Amino acid sequence: MALTVGIIGLPQSGKTSLFNALTGAAAPTAGYATGTVQANLAVVNVPDERVERLAEIFHPLKKTLATVEFVDVAGLASASAGEKREGLSAEFLGHIRTADALAVVVRSFANASVPHPAGSVDAARDLDDLLATLTLTDLMTVERRMERTSKAAKSGDKKYQVELDLLRRVQQELESGKLASELAFASNEQAIIDELNLLTMKPRLYVANVSETVLAEAGPLLEQIAQAAETDVPALVQAQSGELRSVAEIGARARREGTVAVAVSAKLEAELKELPPEDAAEYLESLGLPQLGADRVIQAGYRSLNLITFLTAGEDEVRAWTVRAGSRAPTAAGKIHTDIERGFIRAEVVRYEDLVAAGSFAAARDRGQLRLEGKDYIIQDGDVAHFRFNVSK
Ligand SMILES: Nc1nc2c(ncn2[C@@H]2O[C@H](COP(=O)(O)OP(=O)(O)O)[C@@H](O)[C@H]2O)c(=O)[nH]1
Ligand SMILES: [Mg+2]
C-alpha cells in the first residue's frame, strides 16, 4: 500500500526544506520559483518506538517500520496572483490528484533574504489563499463533470439527474467558501464524490514553518489549542502576539476543520538531518525540543490518513503494518499476504503494552491477555497479532 502525502504550499514557504528534513535527502532548495513543475519523491519510515521495544524482546533478524511516501511539488502559485479564474495547472495537478493526503506548508518565518511572493509574511492569509486555490480547482472539476452529466441526463435516465443535483449542491457550497471535507454526503453520493478526487476532500495537515526563535513555544501552543475547550480558543489566539499569533490562527483553523497543525523549522530540521544522530539529539535538547519536527509531521501525516498500526512479532521479524482505522481482522491479515486473508481462521491478539509487560506470548497467554478473535474483530492500533489460516479451505 503506497500511501502518499503531497507537500504543497506557496513558493518559498519551505516545502523542499521540509521534504529534505523528512527524508534526509538533499533536493535543491530553490533560490526562486521556476515555472516548471518539478517533483521530489521519497518513501519515509514512520517512527514507532513499539517496534524497538518488541525487538528487544524477540531479537528478530529483521525490523520493519510502516512507510509513507512524500511528494514535494513545486509550482503552486497564489490564487490571488492573477485576476483570471484559474485553478492549478494540469501538470501540477497530476502530481497531487492521486495523493492520499496533503501537507500544507505555510510560512511564518521572517527572513529578508528569502523573498515572499506576496511581499509580506502572513501565514493565516497564505493559508486562506491556498485553500481558495484548492477550492477553485475543485470547482472547475465539478463544473467539468456537470457538463458531462447534463449531456447524459438528456437520455432521461434518472440516475444522471440525481448526480446533477448533487453536483449543483457541491458547486454552491464550494462557491460559498466551504471545503468539500466540510460537507456531508449520503453513501451513494459519496461514491460519486470519490470519483472526482477533489483536493479539498483529501485529509490535510497544516505545517507552520516557523522561525527558530519561536519553535520551542509554537509546538506546545498548538497542542494547547487542539486540547482546549472550544469556547477558550478565541481567547488563546488573542493572547498571542507576533509570529505566535499566526501560529495560533493556523491551529484554530485546523481545529475547526478537524485537521492537525504542527510547527517546524524546516531549515533547522534539514540542517539537523545532516548531523550524526547523537549530535542532532544533543542539539535538539539544548533548544528545549523533545522530538524532531520531521517525525511529528510524519506521524501527523500518518494519523491524518486515518491509519492505524498493528504489529507482528517473532524471531524472524518484528514489523509494523498499516491499515485503515475500522478494518476487520481478515483485512489486516491480507496486508501480510492475500492467502492469509483468504484462508483466515482466527487472530490471536494481545495488546502491545500487555505483551511488553508479560515479556512473551506464553506469559501473556498465562495472564489471560492473549485473545482469540474472529473475522468480525476490528483491529486496533497497537494490537500485536498472529493470524491462523488455512489456504486449502
Ligand atoms: N530562516 C528560515 N529560512 C527558511 C526556512 N525554511 C526555508 N527557508 C529558506 O527559504 C528558501 C526557500 O525554501 P524552499 O524549501 O526551497 O521553499 P519551497 O519553494 O517552498 O520549496 C530557502 O533558501 C530556505 O533555506 C526556515 O524555517 N527559516
Ligand atoms: Mg521547492
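Read the numbers this way: they start at 1 and go in the same order the structure lists the ligands and their atoms. On a predicted model such as this, the values are computed, not experimentally measured, just so you know.
Using a 4.0 Å cut-off to heavy atoms of V114, the atoms of ligand 1 that qualify are 9 (C), 10 (O), 11 (C). Under a 4.0 Å criterion applied to the non-hydrogen atoms of V210, ligand 1 contributes the atoms 27 (O).
Taking a cutoff of 4.0 Å between a charged side-chain nitrogen and a carboxylate oxygen, R50 and D381 qualify as a salt bridge. For D339 and R342, the salt-bridge test passes: some basic side-chain N is under 4.0 Å from an acidic carboxylate O. Look at E56 and R53 and you find a salt bridge, because one of the NZ, NE, NH1 or NH2 atoms lies within 4.0 Å of a carboxylate O, short of that distance.
In the model, S181 has no side-chain atom that pairs as donor or acceptor with a side-chain atom of E257 under 3.5 Å.
Within the structure, the closest approach of G9 to ligand 1 does not fall below 4.0 Å when heavy atoms are considered. Using a 4.0 Å cutoff on heavy atoms, L10 counts as a contact of ligand 1. Not a single heavy atom of L18 sits less than 4.0 Å from an atom of ligand 1.
When the heavy atoms of P117, S265, S17 are ranked by distance to atom 13 (O) of ligand 1, first place goes to S17. The heavy atom nearest to atom 3 (N) of ligand 1, out of those in K267, E271, R107, H116, is found in K267.
Taking backbone and side chain together, T16 holds an N, O or S atom under 2.8 Å from the Mg ion (ligand 2).
Closest non-hydrogen pair, V46 versus I298, comes out as CA-CG2, 3.9 Å. Closest of all the heavy-atom pairs between L102 and K202 is CG-CD, 4.0 Å. The two atoms that bring A347 and A329 nearest to each other are CB-CB, 4.4 Å, heavy atoms only.
Taking any N or O of N209, backbone or side chain, at least one lies under 3.5 Å from an N or O belonging to ligand 1. Looking at ligand 1, you won't find any N or O of A110 less than 3.5 Å from one of its N or O atoms.
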